Peer 1: 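Structure in structure tokens, see below.
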Amino acid sequence: GQTDYANNENGWLLPYTLVDAPIADFSDILYEGVKWALPDEKELRRLLRWAVGHPGEVKEKGNRALQAAQGWTWAKSAEKLIKVIQEG
């Protein structure tokens, strides 16, 4: 999902471990058998500390992230889905 739009050019991809999604009650049954990515906490801390010392680089990535996000509107998503259905 997220790697459709997030990459190392416009963000920071953290290492992760796949874990079972927590099911707190019956309403969470939709998550049964679903895996979540649990990010590496040490790497997250390291990157946050790095970001504090490199605001210019963070801003550049933020600008690239904004450009990438502008390509992900509901209208564009609908166009892609319609194309898949028509070709299907």
Side-chain angles (χ1 to χ4, degrees):
Q2 289 84 349
T3 55
D4 284 345
Y5 55 85
N7 57 56
N8 284 318
E9 296 300 315
N10 61 22
W12 292 267
L13 302 181
L14 294 171
Y16 60 88
T17 303
L18 287 178
V19 298
D20 291 328
I23 300 177
D25 58 37
F26 182 74
S27 66
D28 289 340
I29 199 162
L30 294 174
Y31 293 110
E32 190 173 324
V34 172
K35 300 283 187 188
W36 281 3
L38 183 64
D40 181 311
E41 195 173 311
K42 282 185 178 183
E43 181 64 4
L44 176 58
R45 283 188 195 137
R46 186 193 72 73
L47 282 170
L48 288 171
R49 288 184 180 116
W50 177 89
V52 168
H54 299 84
E57 293 174 59
V58 170
K59 186 174 183 175
E60 286 176 26
K61 271 200 185 196
N63 287 333
R64 289 193 297 268
L66 175 61
Q67 290 173 347
Q70 290 171 339
W72 290 91
T73 64
W74 284 111
K76 288 185 180 184
S77 295
E79 288 172 15
K80 289 177 186 180
L81 181 58
I82 290 167
K83 184 177 178 181
V84 168
I85 291 170
Q86 290 174 341
E87 292 174 358

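The structure presented is a predicted model; accordingly, all values stated were derived computationally and were not measured.
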Peer 1: How close do K61 and E9 get, counting heavy atoms only, and between which atoms?
Peer 2: CG-O, 3.7 Å
Peer 1: Please examine the side chains of D20 and K35, heavy atoms only from C-beta on, and report whether any two atoms are closer than 4.5 Å.
Peer 2: yes
Peer 1: Could you state the interatomic distance from NZ (K76) to CD (Q70), rounded to the nearest 0.5 Å?
Peer 2: 8.5 Å
Peer 1: If two hydrophobic side chains count as joined below 4.5 Å and joins carry through other members, does L13 share a cluster with W50?
Peer 2: no
Peer 1: Are the side chains of R45 and R49 in contact, using a 4.5 Å heavy-atom criterion?
Peer 2: yes
Peer 1: Going from CD on Q86 to CG on L81, what distance comes out if it is rounded to the nearest 0.5 angstrom?
Peer 2: 10.0 Å
Peer 1: Could you check whether any side-chain heavy atom of L48 comes within less than 4.5 Å of a side-chain heavy atom of V52, counting everything from C-beta outward?
Peer 2: no
Peer 1: Side chains of W12 and V58: closer than 4.5 Å at any heavy-atom pair?
Peer 2: yes
Peer 1: Can you tell me how far the CG atom of L14 sits from the NZ atom of K42, to the nearest 0.5 Å?
Peer 2: 14.5 Å
Peer 1: Between the side chains of K83 and E79, is the shortest nitrogen-to-carboxylate-oxygen separation below 4.0 Å, so that they form an ion pair?
Peer 2: no
Peer 1: Under a 3.5 Å distance rule, please check whether N10 uses its side chain to pair with a backbone N or O of A69 as donor and acceptor.
Peer 2: no
Peer 1: Answer yes when E43 and R46 have at least one side-chain N-carboxylate O distance shorter than 4.0 Å, and no when they do not.
Peer 2: yes
Peer 1: For the hydrophobic clusters of this structure (ILVMFWY residues joined by side-chain heavy atoms under 4.5 Å, transitively), does one cluster hold both W36 and Y16?
Peer 2: no
